[in-house]
Each structure stands twice: as structure tokens, then as C-alpha cells.
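Reading through the C-alpha cells given below for one structure.
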Amino acid sequence: GALVYQYPRRTICKSGTSMRMECQAVGFQATSVAWYRQSPQKTFELIALSTVNSAIKYEQNFTQEKFPISHPNLSFSSMTVLNAYLEDRGLYLCGARDRGNTGQLYFGEGSKLTVL
Amino acid sequence: QQQVRQSPQSLTVWEGETAILNCSYEDSTFNYFPWYQQFPGEGPALLISIRSVSDKKEDGRFTIFFNKREKKLSLHITDSQPGDSATYFCAASSDTNTGKLTFGDGTVLTVKP
């Protein structure tokens, strides 16, 4: 079945430092990856959409300068939260779209960021 | 204006009962509606989904009823089990090629034994 692994599962970092998180699709080819942040109140925000061989599209309020993303192949994507502050805390979710199952988006377990 | 709304915010049912979770949307271009189940400390897991060309989708104890005219859908969980206790998110998309989803705020379901 389609599986998405994310690591690290959780990170505690000091204000102003950075955190890199990785996303691995297993068992399917992820033609596009969507990075979301789920707030402590459980609401979802789309950060950016990344499609292999296409430009990464960031949503309003999120920038490449703050959340640089790499999506080099159909099974791997990474995102970094640069200069993390309190408002950046939350559960960062990688959603990978299965090319063989149109529209289905599978999420990993998330990378939880706590900022001190 | 919130594009996807869910109700109730929380729901408690007894084991064996049918839980009904509601969802409505604003954008008429939405044509794909997945439901995700999320347990504490975990990521959301795709539970069941429906496309706007259908009015019903069934998978075991989980059924989606879809009303395009009223822009409403509901998730029915029959024979609810304590293990179904989780937060359920309704999501919507008008572009199935990218994975861009708009989520509701979720319904917290508690199934009492």
C-alpha cells in the first residue's frame, strides 16, 4: 500500500534556529507533494505544492525564503523551516499524491516542531 | 469565509450506533472530497473519498452521502466501535492533479463502550 514516512517525528529547537524535515514515499510514485502545517488548534494550512520538474508554488503567507523545499525525485521531498519562531510551531505534514490513484493524497505522520 | 465547514464540532455515540458527521462547502468548483481520520499524535489517514459525479460511496462501515445541489456531504459510520474515536476531517479539492486540499476544522468523535 501507499506509505509516506516523515522524519524527524518531533523536534524542539530554539528561536531563530532552523529545522529540516524529510518526506519519503514508499510503494508508489509521488508526482506531487503538498506540505501542510497543522496548528495546535488542528486547523490545516497549505504551505506549498511541489511537482517534480515544475516550479514549487507557495501559498500566500509562505515563502521560499522561509520554507525552502527540495523535491528531486518521485519518492523524496524535504522542507526546512528557517529561523523558526513561536508562530512556526505545529505539525508539518507531507502529503504525497499517488500518480497511480488520481487525486488521492496520502499523508505521513508529520514532523512536530516545538520552538522554545 | 470558510470554504469547508464541518458539524458538529464534537460527537459522542455509543458502541454499535451510527455516527453521522456533516460537511458543507462553498466553492462550486470542488469536485473531490476525501475524509481523513486522525488519532492523537499521528498524521491524518485517508479514510474514504468521493467525487462529485457520485452521490454515494461505501467502504465497509463507512459511507459518504453527497448532495451536489446543496453542497453538502456526510460521513456515516455504522456499528461504531471505540477504536473509531478520532478526529475526522472533511476536505475538498477542485484540482486532483496537485493535491491541494481545503480542510474543514474537524469533528471529534467519541465512541463509548
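Every chain is numbered from 1 and lettered A, B, ... according to where its sequence line falls, protein lines coming before strand lines.
- If you measure heavy-atom distances from A:Gln38 to chain B, the contacts under 4.5 Å come from the side chain alone.
- Between the CZ atom of B:Phe39 and the CD atom of A:Glu109 there is a distance of 11.0 Å, given to the nearest 0.5 Å.
- The closest donor-acceptor contact from the side chain of A:Tyr36 to the backbone of B:Leu101 lies under 3.5 Å.
- Atom CD of A:Glu87 is surrounded by more than 12 heavy atoms from other residues, nucleotides or ligands within 6.0 Å.
- Within 6.0 Å of the CD atom in A:Gln60, the count of heavy atoms belonging to other residues, nucleotides or ligands does not exceed 12.
- Both A:Val115 and A:Phe67 belong to a common hydrophobic cluster when Ile, Leu, Val, Met, Phe, Trp and Tyr are linked at side-chain heavy-atom distances under 4.5 angstrom.
- B:Val13 and B:Phe65 fall into different hydrophobic clusters, where Ile, Leu, Val, Met, Phe, Trp and Tyr residues are linked whenever their side-chain heavy atoms come under 4.5 Å apart, directly or through other members.
- Looking at A:Glu45, there are no atoms closer than 4.5 Å to chain B (heavy atoms on both sides), in backbone or side chain.
- The cluster map of Ile, Leu, Val, Met, Phe, Trp and Tyr, joined by side-chain heavy atoms under 4.5 Å apart, puts B:Phe62 and B:Ile20 in different clusters.
- Chain A is approached within less than 4.5 Å, heavy atom to heavy atom, by B:Gly41, B:Glu42, B:Gly43, B:Pro44, B:Leu46 from residues 40-47 of chain B, ordered by number.
- The distance from atom CZ of A:Phe44 to atom CZ of B:Phe89, rounded to the nearest 0.5 Å, is 4.5 Å.
- By the criterion of side-chain heavy atoms lying less than 4.5 angstrom apart, applied directly or through intervening Ile, Leu, Val, Met, Phe, Trp or Tyr residues, B:Phe103 is not grouped with B:Tyr88; the two fall into different hydrophobic clusters.
- Residue pairs meeting the side-chain hydrogen bond (donor to acceptor under 3.5 Å, both in side chains) criterion with at least one member in residues 103-113 of chain B, sequence neighbours excluded, are B:Gln2-B:Asp105.
- Both A:Tyr106 and A:Leu91 are assigned to one and the same hydrophobic cluster, defined by single-linkage of ILVMFWY side chains at heavy-atom distances under 4.5 Å.
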